[in-house]
Participant: 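Let me begin by handing over the structure; questions about it come next.
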Amino acid sequence: MIRTLLVANRGEIARRVFATCRALGVATVAVHSDADADAPFVTDADQAVRLPGNTPAETYLRIDAILDAARRSGADAVHPGYGFLAENAEFAAAVTDAGLTWVGPSAKAIAAMGDKMAAKALLADAGVPMLPTWTDPAEVTAFPVLVKAAAGGGGRGMRIVRDAAGLAEAVAGARREAAAAFGDGTVFIERYVERGRHVEVQIFGDTHGTVVALGVRDCSIQRRHQKIVEEAPGVLADDVRAALHEAAVAAGRAVDYVGAGTVEFLLAPDGQVHFLEMNTRLQVEHPVTELTTGLDLVRLQLLVAEGEPLPVTTTPPADGHAIEVRLCAEDPAEGFRPATGTLHRFRIPGVAAEFGPARGLRLDSGVVDGSAVSVHYDSMLAKLVAWGPTRTEAARALAGALARAELHGVATNRDLLVRVLRSPEFASVDVDTGFLDRHPEVFEPLLPADQLPVAALAAALSGAAARRTAAPVLAGLPSGWRNVPAFPQVTRFTGPGDEEIEVRYRLDRTGGLAEWGRKGPLLTDPVEEGSPVNTELPVVELVTATPDRVVLDVDGVRRAFRVHRVGSSVFVDGPDGAASLTELPRLPLPTAELAAGSLLAPLPGAVTRVHVEVGQRVAAGDLLLTLEAMKLEHPVLAPADGVVTELPVPAGGQVETGAVLAVVDPEEDSQ
């Protein structure tokens, strides 16, 4: 019987495992890097052991350090979570050799499925259809192809290549990214199927010879080959579902599988099914299976690890529908560039349960208010899951909760997720792995551009109310009221894309909004000092204004705005969407001027490769250097034709946000 469980992972999966352990009376141990010392998963555990360092290689990928933590804390079992060492056969064997209970499949099964080429050969012999696959780039005979990491998953190390010219660089980049994420840079090449659906079967095995399929999930909507929307049960024809179950169970039996695993397939437009890989661990998207089957998969993992038989031996019928989204710290409009910083507020309304079964909304989160989002680890903040009697109801509830969430301090993919869930194509199950490429409209922010001035007005009025509340004298005087009405109150912000927004307003002696306007590129005729209200803006009346809530009547419709201030940052959440603004000082301080053509680091990271030299002529879009952050590589491209005049950071150099990475002088090019 397991008494004390160490989770060799971090973030929301560690918290998820701890939640089940609490329900079962199992004591818990967390391991953590220095960057994670104050993370919620560390607080959730009964004990915690520091792994000195910050990067995965220094901490969560060190088998010796994790085993030492188990010894020091008195743990008698280890759960690997997912990612890091979860599919490392050497780690599984080391845990077992140390006399600890390993919560997962045997090292032999992990090795068999971890060698993805060998796994393909094994299952091909069993009659499972496969895609053409190569290990030597020189042998590739047809395009497009997909370069994939042989170890791990989650989209790490994947590259689509459409012609032979780009293959060598794609293989090299995939190897670097896979090595950084999994400690193994081995890759292989697979035929790429356009408009395929990514479907997978959750399987479970025990030590008594039972292997059962627990249903099919559809994980087709992906970015950078990583799933961001997952659902169960997948909407499939009955014969396809049955074939998937049969193939997945056969795969599990072929390696005497024990524990939770996932067999992944590609469903081609012509209906053909192709085996992709088998993940020998619990998947990120396991909650949708839990909500539609009523099973706690972590509980089953622990029971099986203790030698108990599975309580289910046949596929349970699906109850309702569940949809999960991965809420990530990243900017979809900037190529899903990861975002770092402090998450000042993380609130999602209507959550019925955290880390457990719920008829409604479930939240599995690795963060709370005040959490630091580090450059060292994956960008996923949380998973929000909605269960409903039907797929339509689940999608609507999930989109509504996301739209009303308060996510302040770090850019997220929330707006994109809402637009995907509300799209007619998602409603009609017209989905595949290229969904985002074909639907650029889902990248638009929820807040319409013409509503940004109203949100900025709410931010300005909130700030005025806060100043009046804190005023030591004359606090009863209406905020912003002046004896000379010719001169309005002026508040300046920067908004999306660093656009400057200047809000002008005047209050009457009762505190009501007498007039307002704004100066900026959205209007043909900017509002000048003392000019009347611009007629292109909506008619607005002020209902109430407090430091954290402003109610406005906009063209006859009353709208409430929640306002949250952290220093100069102002976060406005309204019925149309959210706006993140930065209030500018009335008298800005002078700053150093950057050289024309300077390219700045969008986030902290390391320069892994420099592809050009000083003095080299480049064209717009040429690759200048590669920045690694959050376990992914990010290309830095030339913004225009020109000549590289500066490369201040060599390969291997560390940079902070805003550091100059390169300077491309367009004037040099014209000489």
Participant: How long is the straight-line distance from CZ of Phe426 back to CD1 of Ile221, given to the nearest 0.5 Å?
Facilitator: 5.5 Å
Participant: Between Arg326 and Lys227, is there a donor-acceptor pair closer than 3.5 Å when you use the side chain of the first and the backbone of the second?
Facilitator: yes
Participant: Could you walk me through whether Leu381 and Val373 satisfy the side-chain contact (heavy atoms from CB on, under 4.5 Å) test, starting with their C-alpha distance in whole Å, then the side-chain angles of each, then the deciding distance to 0.1 Å, before giving a yes or no?
Facilitator: CA-CA 8 Å; Leu381 302 173; Val373 181; 3.8 Å; yes
Participant: Using the rule given for side-chain contact (heavy atoms from CB on, under 4.5 Å), can you reason through Leu552 versus Arg559, listing the C-alpha separation, both sets of side-chain angles and the distance that settles it, and then say yes or no?
Facilitator: CA-CA 5 Å; Leu552 302 175; Arg559 299 185 176 188; 5.5 Å; no
Participant: Enter the distance from Arg549:CZ to Phe561:CZ here, rounded to the nearest 0.5 Å.
Facilitator: 11.0 Å
Participant: How close do Ala427 and Arg391 get, counting heavy atoms only, and between which atoms?
Facilitator: O-NH1, 3.4 Å
Participant: Give me the atom names and distance for the closest heavy-atom approach of Pro453 to Trp516.
Facilitator: O-CZ3, 3.8 Å
Participant: Tell me whether Arg558 at atom CZ has more than 12 heavy atoms from other residues, nucleotides or ligands lying less than 6.0 Å away.
Facilitator: no
Participant: With no hydrogens and no angle check, is any side-chain donor or acceptor of Arg414 less than 3.5 Å from a backbone partner on Ala405?
Facilitator: yes
Participant: Under 6.0 Å from the CG atom of Asp555, do we count more than 12 heavy atoms belonging to anything else shown?
Facilitator: yes
Participant: Please determine whether a side-chain nitrogen of the Lys or Arg among Arg362 and Glu290 lies less than 4.0 Å from a carboxylate oxygen of the Asp or Glu.
Facilitator: yes
Participant: I need the Ile13 CD1 to Phe355 CZ distance, nearest 0.5 Å.
Facilitator: 9.0 Å
Participant: Would you say the side-chain atoms of Ser371 pair up with the backbone N or O of Val368, donor to acceptor, closer than 3.5 Å?
Facilitator: yes
Participant: Determine the minimum heavy-atom distance between Val431 and Ser220, stating which atoms define it.
Facilitator: CG2-CB, 4.2 Å
Participant: Check step by step if side-chain hydrogen bond (donor to acceptor under 3.5 Å, both in side chains) holds for Arg396 and Thr392.
Facilitator: CA-CA 6 Å; Arg396 182 170 59 196; Thr392 299; over 6 Å; no
Participant: Any carboxylate oxygen within less than 4.0 angstrom of a Lys/Arg side-chain nitrogen, looking at Asp573 and Arg404?
Facilitator: no
Participant: Looking at Asp553 and Val540, would you say the former's side chain and the latter's main chain have a donor-acceptor pair under 3.5 Å?
Facilitator: no
Participant: Are the side chains of Asp319 and Arg359 in contact, using a 4.5 Å heavy-atom criterion?
Facilitator: yes
Participant: What closest approach, in Å, do Glu285 and Cys219 show between heavy atoms, and which atom pair accounts for it?
Facilitator: OE2-SG, 3.9 Å
Participant: For Val410 and Gly341, work out which heavy atoms get closest and say how close.
Facilitator: CG2-C, 3.9 Å
Participant: Which value, rounded to the nearest 0.5 Å, describes the distance between Thr289 atom OG1 and Glu230 atom CD?
Facilitator: 10.0 Å
Participant: Between Asp641 and Ala620 (side chain of the first, backbone of the second, donor and acceptor by atom type, cut-off under 3.5 Å), is there such a pair?
Facilitator: yes
Participant: Going from CG on Leu295 to NE2 on His286, what distance comes out if it is rounded to the nearest 0.5 angstrom?
Facilitator: 11.5 Å
Participant: So, do Val490 and Arg504 sit near enough that their side-chain heavy atoms are less than 4.5 Å apart?
Facilitator: yes
Participant: Check the pair Thr491 / Gln489 against side-chain contact (heavy atoms from CB on, under 4.5 Å), numbers first and verdict last.
Facilitator: CA-CA 7 Å; Thr491 308; Gln489 291 279 83; 5.6 Å; no
Participant: Around Glu656, counting heavy atoms of other residues, nucleotides and ligands shown, do more than 12 lie under 6.0 Å from its CD?
Facilitator: no
Participant: With a 4.5 Å cut-off on side-chain heavy atoms, are Val420 and Phe435 touching?
Facilitator: yes
Participant: Under 4.0 Å between a Lys/Arg side-chain N and an Asp/Glu carboxylate O for Arg223 and Glu330?
Facilitator: yes
Participant: For the side chain of Asp415 and the backbone of Leu446, is there at least one donor-acceptor N/O pair under 3.5 Å apart?
Facilitator: yes
Participant: Could Asp430 and Arg195 be called an ion pair, given the rule that one side-chain N must be under 4.0 Å from one carboxylate O?
Facilitator: yes
Participant: Just by distance, do the side chain of Asp44 and the backbone of Arg15 share a donor-acceptor pair under 3.5 Å?
Facilitator: no
Participant: Students often mix this up, so state it plainly: with edges at 30° and 60°, are the rings of His564 and His344 parallel, tilted or perpendicular?
Facilitator: perpendicular
Participant: What verdict does the side-chain contact (heavy atoms from CB on, under 4.5 Å) test give for Val240 and Val199, after you've listed the backbone C-alpha separation in whole Å, the side-chain angles of each residue and the deciding distance to 0.1 Å?
Facilitator: CA-CA 11 Å; Val240 173; Val199 294; over 6 Å; no
Participant: Can you tell if the side chain of Leu327 reaches within under 4.5 Å of the side chain of Leu384, non-hydrogen atoms only?
Facilitator: no
Participant: Any non-hydrogen side-chain atom of Ser423 less than 4.5 Å from a side-chain atom of His439?
Facilitator: no
Participant: Please name the residue in the list Val229, Ile228, Val288 that meets the side-chain contact (heavy atoms from CB on, under 4.5 Å) test with Glu324.
Facilitator: Val288
Participant: Working to the nearest 0.5 Å, report the span between CG of Asp331 and CZ of Phe443.
Facilitator: 10.5 Å
Participant: Taking the side chain from Arg419 and the backbone from Glu444, do they hold a donor-acceptor pair closer than 3.5 Å?
Facilitator: yes
Participant: Does any part of the side chain of Pro338, heavy atoms only, come nearer than 4.5 Å to the side chain of Val375, both counted from C-beta?
Facilitator: no
Participant: Just wondering, do His225 and Ile160 contact through their side chains at under 4.5 Å, heavy atoms?
Facilitator: yes
Participant: Between Val566 and Arg345, is any pair of side-chain heavy atoms under 4.5 Å apart?
Facilitator: no
Participant: Determine the minimum heavy-atom distance between Ser462 and Val563, stating which atoms define it.
Facilitator: OG-CG1, 3.4 Å
